[in-house]
Amino acid sequence: MTELADNYKRVIDLIAASAEKTGRSPEQIRLIAVSKTRSLEEVKSLLSLGQQAFAENTIQDAMTKIPALSSTPAQWHFIGHLQSKKAKFIPGYFQWVHSIDSMKLAEKLSRAMQQYSVTAVLNGLIQVNVSREVSKSGVLTDELAGFIEQLLQANLPGIHWRGLMTIGVNGDETRTRHAFIQLRQLQQKCRAEFNLKTFDQLSMGMSHDYRIAIEEGATMVRVGTAIFGLRGNLLT
Ligand SMILES: *Cc1c(COP(=O)(O)O)cnc(C)c1O
């Protein structure tokens, strides 16, 4: 097996093991391969191993891959900070955006989807800054209910609200687990409070903490390095 195939199999096996450890079915967890900074060839290799969900964090990088793979079953998730003026690049390319954290962005995304096609709907996740780190984007925990209320009042037909996303605390397992537990509690509370039946997704967990995330209820894990190896530029 190639190194990529090896890594990929290891991640799939570990996802199953973490799910089983907490009595969950591995089918409840969607593995999203984070292909940011990777080449088109690397994405093609992973596609040929059966992976279909991929994530990018900049429009520029995504556009070197998504159009070239439009005839494949690849599905695309946007996971980075998105400037609202770039919302127009989402329809037709991405099926999911994990990083919605402002009214302005939500409105622009909904409008862009509607302009693209009146029936087009984007799956939207709200990014929450659970750990309150200043360096992180996302809505603060205390402001989440008010934000969702505003989103629902604005009636944005181009976005289907599917759940919450967060990023763990680098190098701190205890705080990371706590953040993931909090995100799950917030998702359950908001789903009930606003009667959102399909607000059922929890996007949490990256290469170093996806096993913790699965133990705490993640339905989507965003894994780059553990599949593709270290990125050349460690700052990205
Ligand atoms: C880069 C990135 C990931 C993947 O990180 P790895 O450590 O390479 O698995 C996941 N989520 C977000 C938001 C990212 O920017």
Side-chain angles (χ1 to χ4, degrees), residues 3-4 6-15 18 29-39 42-43 45-46 49 51-66 74-83 86 90 94-102 105 109 123-139 162-173 175-177 179-180 183 187 201-236:
E3 196 178 330
L4 181 70
D6 245 353
N7 289 347
Y8 183 51
K9 183 176 183 309
R10 186 178 319 114
V11 170
I12 288 176
D13 289 347
L14 287 172
I15 288 174
S18 304
I29 297 133
R30 185 185 329 224
L31 169 60
I32 302 172
V34 177
S35 51
K36 65 186 186 195
T37 77
R38 312 294 173 170
S39 68
E42 288 175 284
V43 176
S45 301
L46 198 58
L49 295 170
Q51 177 65 23
Q52 298 190 351
F54 293 90
E56 292 286 331
N57 73 338
T58 68
I59 296 292
Q60 198 183 9
D61 192 5
M63 290 310 156
T64 66
K65 294 164 227 175
I66 301 180
Q75 296 158 11
W76 296 91
H77 296 248
F78 192 90
I79 59 170
H81 175 68
L82 184 61
Q83 289 173 278
K86 294 203 171 159
I90 295 294
F94 289 92
Q95 288 76 48
W96 290 79
V97 172
H98 293 226
S99 45
I100 302 174
D101 64 357
S102 76
L105 176 59
L109 281 171
N123 293 292
L125 298 177
I126 300 165
Q127 182 168 351
V128 188
N129 182 357
V130 183
S131 52
R132 293 185 152 272
E133 283 178 282
V134 282
S135 58
K136 280 188 185 144
S137 6
V139 180
R162 294 304 308 277
L164 304 178
M165 178 272 220
T166 202
I167 298 174
V169 184
N170 207 354
D172 189 331
E173 259 192 41
R175 284 181 66 206
T176 292
R177 188 180 292 276
F180 291 164
L183 196 75
Q187 176 249 333
Q201 298 296 310
L202 277 172
S203 168
M204 54 192 199
M206 313 176 17
S207 290
H208 60 278
D209 56 16
Y210 68 93
R211 287 181 280 172
I212 300 173
I214 291 167
E215 288 170 20
E216 301 306 341
T219 61
M220 300 173 141
V221 289
R222 311 175 307 267
V223 181
T225 312
I227 296 174
F228 291 107
L230 282 176
R231 281 180 287 275
N233 178 354
L234 291 173
L235 295 173
T236 55

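In listed order, ligands and their atoms are each counted from 1. Computed from heavy atoms alone, side chains included, the values below leave out hydrogens, waters and symmetry copies.
In terms of the side-chain hydrogen bond (donor to acceptor under 3.5 Å, both in side chains) criterion, Glu173 has no residue partners (sequence neighbours excluded).
Within the listing of ligand 1, atoms 4 (C), 9 (O), 10 (C), 11 (N), 12 (C), 13 (C) sit less than 4.0 angstrom from a heavy atom of Arg222. Distances below 4.0 Å separate heavy atoms of Thr225 from the following atoms of ligand 1: 6 (P), 7 (O), 8 (O), 9 (O). Interface atoms of ligand 1 facing Val223, defined by a heavy-atom separation under 4.0 Å, are 9 (O).
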Item to complete: Kindly determine whether Leu4 and Asn7 satisfy side-chain contact (heavy atoms from CB on, under 4.5 Å), including the steps that lead there.
Response: CA-CA 5 Å; Leu4 181 70; Asn7 289 347; 5.6 Å; no
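At a heavy-atom distance under 4.0 Å, only side-chain atoms of Lys36, from C-beta outward, approach ligand 1.
Using cut-offs of 30° and 60° on the angle between ring planes, the pair Phe94 and Phe78 is perpendicular.
At least one N/O-N/O distance between Gly224 and ligand 1 falls below 3.5 Å. The shortest N/O to N/O separation between Asn57 and ligand 1 does not fall below 3.5 Å.
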Could you list the donor-acceptor pairs under 3.5 angstrom formed by side chains in residues 216-225, with sequence neighbours left out?
from   : atom 1 : to     : atom 2 : distance (Å)
Glu216 : OE2    : Arg177 : NH1    : 2.7
Thr219 : OG1    : Gln201 : OE1    : 2.8
Thr219 : OG1    : Leu202 : N      : 2.8
Thr219 : OG1    : Leu202 : O      : 3.4
Arg222 : NH1    : Thr166 : O      : 3.4
Arg222 : NH1    : Ser203 : O      : 3.0
Arg222 : NH1    : Ser203 : OG     : 2.9
Arg222 : NH2    : Thr166 : O      : 3.1

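Between Ile32 atom CD1 and Gln51 atom CD the span is 8.5 Å, to the nearest 0.5 Å.
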